[in-house]
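Structure record follows, encoded as structure tokens.
For clarity, every value in this text was computed on a predicted model and none was experimentally measured. Start at 1 with the first residue, then count along the sequence. Ligands are counted one by one from 1 in listed order, and the atoms in each one are counted from 1 as well.
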Amino acid sequence: MEPQPLSHYLDCCATTPLAPEVAERMASVQAQAWANPSSLHGFGLAAAEQMERSRHGVAALLGCRDERVVFTSGGTESIHLALLGCAPALETQTPAGHQPRLVISAVEHPATRAAAAALKQRGWQVAEVPVDGVGVVDLQALERLLAPPTRLVSLIWGQSEVGTIQPLRQIGALCRAAGVFLHVDAVQVVGHQPVAMADLPVDLLSLAAHKLQGPRGIGALLVRAGLDLQPCLAGGGQEGGLRAGTEPVALIAGFETALKLACDRLTDHGGVDPSGRLRNRLFEALLQLPGVERSGPDPLASDHPGRLPHHLSLLVRSRFGSWLNGRQLVQALWREGWACSSGSACSSSGSAASSVLLAMGHAPEPAAAGLRISLGPWHEPELLELLPAALDRARATL
Ligand SMILES: Cc1ncc(COP(=O)(O)O)c(C=O)c1O
């Protein structure tokens with residue numbers, strides 16, 4: 001296979017390539033702070049010191065005040081630690097004979113659905129809040145579900161497949177008023193809008209480095225001070241007893257550098273991801289093609305609920321009007337040299353119709369015709385010419 005230029009990689013919601021500064025930082029930290037940070041000798045102390053500096057850096061960049069930063073292997077583990085880790089304490093607060101309830105949305109990432117299924121096995125009830133046609137959670141339905149025995153809500157802040165950003169402040173205020181804990185899956189949001197954990201009405205927040213040009217294999221859970229959390233992985237007592245296993249000091253440093261680069265980019269552009277402008281123009285260009293529709297919120301509408309700024313999602317028909325299969329379209333686009341996705345990378349092996357698009361009210365055929373395009377900071381306006389033509393050629397081959 002011919003190597004393709006990075007300009008043709010349009011799958012940044014799946015993962016991103018390392019920023020060169022991140023690779024450099026990791027190499028330097030690996031060379032200097034390679035030891036086990038739990039070791040009591042000087043090598044170990046140097047590694048521990050390096051790791052704690054990175055932890056402080058990550059905490060500051062995410063606006064933590066008293067919140068703890070617990071490093072995990074990525075988003076999936078962070079979500080499991082959040083949901084399964086706070087369950088024991090919440091169970092003790094539930095009156096005997098009652099099952100505590102977890103509320104999630106109908107458009108969660110499979111990692112949250114799996115953690116919810118594990119809670120169900122522990123005896124929890126799990127309820128799903130419906131979403132509207134662009135993927136926004138029904139706030140009235142959520143409010144009704146916040147009554148006892150609900151103890152915990154877990155929501156995806158920025159939806160990976162259709163880009164919807166949930167109204168987190170309103171959701172958090174409802175949870176606070178009901179005395180219900182809120183965990184937020186911020187894996188797609190961090191790096192694309194400023195996040196200040198201490199100012200958010202959120203108790204637990206999950207993120208992963210590889211979505212923002214950091215390394216794979218490292219993520220974090222931010223934990224509100226005082227929250228009683230139990231580990232999912234026990235052993236050597238690392239991460240304050242919350243996540244056993246020798247910490248990857250170089251990955252943690254790379255995570256901090258990637259986060260710093262993303263936050264600096266936001267600061268340089270007044271707190272707004274500059275990819276949003278190119279994304280909006282690309283939406284306009286792609287929607288000119290007959291038979292191509294947007295899924296998720298319209299970022300060009302003045303009253304849109306919020307959309308990840310680097311994210312486009314489409315439903316695509318053939319030139320003759322029949323719905324295409326998104327997975328086949330992704331393969332056809334790759335034959336044209338473009339890397340996109342048919343939805344969330346993690347669910348791309350599943351059945352053809354997307355559960356997210358079905359939950360938004362799409363019929364099974366269009367729900368199998370999804371295409372996701374997600375941009376990185378390196379993308380240029382040349383896409384506006386090249387991509388619509390490539391998409392049109394690709395669909396003509398199906
Ligand atoms: C919204 C969301 N949550 C969680 C995850 C899982 O993160 P990870 O792949 O780092 O385990 C992903 C990854 O695609 C995601 O997009």
Side-chain angles (χ1 to χ4, degrees), residues 9-18 22 58 70-84 104-118 131 135-137 153-166 168 171 182-193 195 202 204-222 232-233 243 245 248 251-252 254-255 258-259 262 296 306-313 330 339-350 354-357 359 370 372-376:
Y9 182 79
L10 296 167
D11 201 10
C12 291
C13 281
T15 198
T16 50
L18 276 189
V22 173
V58 168
V70 181
F71 290 116
T72 64
S73 62
T76 300
E77 188 191 329
S78 173
I79 290 166
H80 278 74
L81 178 57
L83 270 55
L84 296 167
I104 60 174
S105 80
V107 292
E108 293 304 313
H109 187 273
T112 299
R113 306 194 82 81
V131 296
V136 179
V137 161
V153 170
S154 182
L155 282 183
I156 186 164
W157 190 357
Q159 217 289 328
S160 38
E161 199 176 321
V162 292
T164 316
I165 295 184
Q166 300 297 342
L168 188 59
I171 290 169
L182 175 59
H183 164 254
V184 171
D185 170 358
V187 167
Q188 294 291 352
V189 166
V190 172
H192 298 285
Q193 68 178 58
V195 171
V202 167
L204 296 145
L205 183 143
S206 295
L207 68 151
H210 70 102
K211 307 287 186 183
L212 45 123
Q213 293 197 266
R216 238 159 296 164
I218 189 74
L221 178 65
L222 309 187
C232 292
L233 294 177
R243 200 276 186 181
L251 294 182
I252 290 170
F255 182 6
L259 195 55
R307 178 162 192 132
L308 291 168
H310 59 313
H311 187 289
L312 298 95
S313 51
V330 167
C340 302
S341 153
S342 60
S344 121
C346 309
S347 65
S348 57
S349 56
S354 144
S355 63
V356 169
L357 292 170
R372 179 181 74 181
I373 295 162
S374 41
L375 305 178

Q) Which option, Ser78, Gly75, Gly219, owns the non-hydrogen atom nearest atom 7 (O) of ligand 1? A) Gly75

Q: Taking all heavy atoms of Leu251 and all of Ile218, pick out the closest pair and write down the distance.
A: O-CG2, 3.7 Å

(Q) Quick one: does any side-chain atom of Arg372 pair with a main-chain N or O of Ser160 as donor and acceptor, under 3.5 Å? (A)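 The answer is yes, because a donor-acceptor pair under 3.5 Å joins these two groups.
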
Q | Donor-acceptor contact present, side-chain Gln166 to main-chain Gly135, <3.5 Å | A |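 Yes, Gln166 side chain to Gly135 backbone: donor-acceptor pair under 3.5 Å.
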
Q) Where do Glu161 and Ser313 land on the side-chain hydrogen bond (donor to acceptor under 3.5 Å, both in side chains) test, with the steps shown first? A) CA-CA 7 Å; Glu161 199 176 321; Ser313 51; over 6 Å; no

As an exercise, identify every atom of ligand 1 less than 4.0 angstrom from a heavy atom of [X].
{"X": "His210", "answer": "8 (P), 9 (O), 10 (O)"}
{"X": "Ile79", "answer": "4 (C)"}
{"X": "Thr76", "answer": "6 (C), 7 (O), 8 (P), 11 (O)"}
{"X": "Gln188", "answer": "1 (C), 15 (C), 16 (O)"}

For ligand 1, does [X] get within less than 4.0 Å through its side chain, its backbone, both, or neither, judged by non-hydrogen atoms?
{"X": "Ala111", "answer": "neither"}
{"X": "Gln159", "answer": "neither"}
{"X": "Arg216", "answer": "neither"}

Q.
Which residues pass the salt bridge (charged side-chain N to carboxylate O under 4.0 Å, His left out) test with Glu108, not counting sequence neighbours?
A.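 Glu108 satisfies salt bridge (charged side-chain N to carboxylate O under 4.0 Å, His left out) with no other residue.
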
Q. For Glu77, is the nearest heavy atom under 4.0 Å from an atom of ligand 1?
A. no

(Q) Just to verify, which of Leu207, Ile171, Val202 counts as forming a side-chain contact (heavy atoms from CB on, under 4.5 Å) with Val184? (A) Val202

Q | side-chain hydrogen bond (donor to acceptor under 3.5 Å, both in side chains) between His210 and Thr15, intermediate numbers included | A | CA-CA 6 Å; His210 70 102; Thr15 198; 2.7 Å; yes

Q. With only distance considered, is Ala208 within less than 3.5 Å of ligand 1 through an N or O on each side?
A. no

